[in-house]
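See below for the structure under consideration.
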2 protein chains.
Amino acid sequence: MTVTANDSLATYDPAAFERPSVTVDVVAFTAKSRRLHVLLIRRGVWPFEGQWALPGGFVQMDEDLDTAAHRELNEETGVAGAEFLEQLYTFGKVDRDPRTRVISVAYYALLPEPSLAPRAGTDASEAQWWPVDELPPLAFDHAHVLEIALDRLRAKLGYTSVAYALLPAEFTLTELQNVYELILGRELDKRNFRKKMLSTELLEGLEKQRRGGAHRPAQLFSFTKREPVFLD
Amino acid sequence: MTVTANDSLATYDPAAFERPSVTVDVVAFTAKSRRLHVLLIRRGVWPFEGQWALPGGFVQMDEDLDTAAHRELNEETGVAGAEFLEQLYTFGKVDRDPRTRVISVAYYALLPEPSLAPRAGTDASEAQWWPVDELPPLAFDHAHVLEIALDRLRAKLGYTSVAYALLPAEFTLTELQNVYELILGRELDKRNFRKKMLSTELLEGLEKQRRGGAHRPAQLFSFTKREPVFLD
DNA sequence: AAAATAGTGTCTATAAGACATTATGTC
DNA sequence: GACATAATGTCTTATAGACACTATTTT
């Protein structure tokens, strides 16, 4: 709610209070060359000019928060229609932005391996995928935001099917295992992994194979539901 | 972040954009007479005048979000210094408030059984504990907010030690079990519950007993850490 | 036939759940 | 001694983890 029950004003006056700015910032993850990557943009203006930052920007008066997150991601990096985009946390420390009071509603997105390099959007001078374990210094409190996003992604991987959002429609069990390994940062046992995955009803075996290289081809699978589902 | 990298403005002008209002709302839970309760206030002004709502109000320009949540809870209900207060989710649908665009950062708080009835604060005409399964109609999207808070509390009870925040410093195992049962909404097996709880290192047995009524007294326990801890 | 990745099963340890009786205080 | 709640252990089942060899394709 907004105006508390008994404001001293008998009627509501929207201009009565000074208001903070509200932005959305997006932590977009993808799995690429066996490493987890995040999409960053290089800032063109003060403050933190020339530094890398999360894509994001002002929430407009006539758009929902989720819509704003999609829009900013698209405008600044060219990534449109992220299949998975979820609110992460709202960061509102008084001094997190040197310009004025800015409250940032952070989102995180999961994307299948990008076939195209991100193009710099209309608002960003440059957009680029960075491996999460080799990041440049980040503007504002974005290093902190990113850490929280990583924690959430790791946790969520354990009890939901979010991995689907990092994979294309068809994939091999080895590719699925790679996604788990690169997010969790440790190796998993192949037999146990497959046993567990196939015991859920999340995967559907296809009548197709992926061949590539001098070895046995792998069966392709797809997720029965491309939406997050709780495991077990 | 806030202003995107290449705003059309070369320098930042804080007055350039129309801004939404930002509020905090607090879902305060307690365990009382074997039922889970939420603290609501009755609104004194339009909109939803006379209806029940979550305590909350404007975030001030010079206070952090957590601080604002503590302050509003105190001002509107007299509850000060909640031991557990955690951000829940940010609600920002364009039309969630009939007055103007209002983005609400929701928090949830856990309180030990209140010894005093809540007093109406300076801003609220009335404040009262309501059983979560017998709520009055709520203002704004507060019924939705409350549902999300309940889901979160139930989930968190399963994998952390949050129950400590709903209990006084010293309690019996039966009291602890009651808290679990009333949040989860089902009965638990006494022996299994105690076995599991005592196998964690969360509880410390005290050399004290609680007597009351014509029966064997119960041993008192306390939590070793009064902060949320992941189980196992 | 050599190389490379796919695919498969058993055994063990641990955790979760079902279940009933005895203990100790008050009145 | 009647009553009321506290306290306690075993067995079964399900789940997680360690562990090594065979299968199939390309070159």
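Lettering follows sequence order; numbering is per chain, from 1.
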Practice task
Would you classify A:Q219 as touching base, sugar-phosphate or nothing, given that sugar-phosphate means primed atoms plus P, OP1 and OP2, and contacts are heavy atoms under 4.0 Å?
Solution key: sugar-phosphate
Problem - Atom pair distance, as rounded to whole Å: CG in A:D189 and P in D:dT15 - result: 18 Å
Practice task
For A:T172 and for A:A214, find the nucleotide of DNA chain C with the closest heavy atom, then tell me which residue's nucleotide is more 5'.
Solution key: A:A214
Handout entry: B:V24 side chain near B:L73 side chain, heavy-atom distance below 4.5 Å
Key = no
Problem - Bounds of contact between DNA chain C and chain B, in 5' to 3' order, using a heavy-atom cut-off under 4.0 Å - result: C:dG17 to C:dT26
Handout entry: Minimum-distance nucleotide (side-chain atoms of B:K195 versus D:dG9, D:dT5, D:dT24)
Key = D:dG9
Exercise for the section: Select base, sugar-phosphate, or nothing to describe what B:R194 touches, counting heavy atoms under 4.0 Å on all strands. Expected result: base
Handout entry: salt_bridge(A:K93, A:D141) N-O dist < 4.0 Å
Key = no
Problem - Side chains of B:E86 and B:Y108, donor plus acceptor under 3.5 Å - result: yes
Practice task
Round to a whole Å and report the spacing from CZ of B:F193 to C1' of D:dA7.
Solution key: 14 Å
Exercise for the section: Specify the residue among A:R186 and B:A218 whose closest nucleotide of DNA chain D lies further upstream toward the 5′ end. Expected result: B:A218
Handout entry: A:R216 CZ to D:dT22 P, straight-line distance once rounded to whole Å
Key = 14 Å
Fill in the blank from the handout: note: A:L188, atom CG; D:dC19, atom P; distance rounded to Å ~ 15 Å
Exercise for the section: May I have the distance from A:K196 (atom NZ) to D:dA16 (atom P), rounded to whole angstrom? Expected result: 5 Å
Handout entry: B:R34/B:E181 ion pair, N-O < 4.0 Å
Key = no
Practice task
Inspect the surroundings of NZ in A:K156 and state if more than 12 heavy atoms from other residues, nucleotides or ligands are less than 6.0 Å away.
Solution key: yes
Practice task
Flag the pair A:F140 / A:F91 as yes when their ring centroid distance falls below 6.0 Å, and as no otherwise.
Solution key: no
Handout entry: Salt-bridge contact B:E134-B:R35 (side-chain N to carboxylate O under 4.0 Å)
Key = yes
Practice task
Figure out the NZ/C1' separation between A:K190 and D:dG17, and round it to whole Å.
Solution key: 17 Å
Exercise for the section: Would you kindly give the CZ-to-C1' distance between B:R211 and D:dA7, to the nearest whole Å? Expected result: 15 Å
Exercise for the section: Can you figure out which of D:dA7, D:dC3, D:dC19 approaches the side chain of A:N192 most closely? Expected result: D:dC19
Exercise for the section: With heavy atoms under 4.0 Å as the rule, sort B:S199 into base, sugar-phosphate or nothing. Expected result: nothing
Problem - Rounded interatomic separation in angstrom, taking CG from B:L176 and P from D:dA6 - result: 13 Å
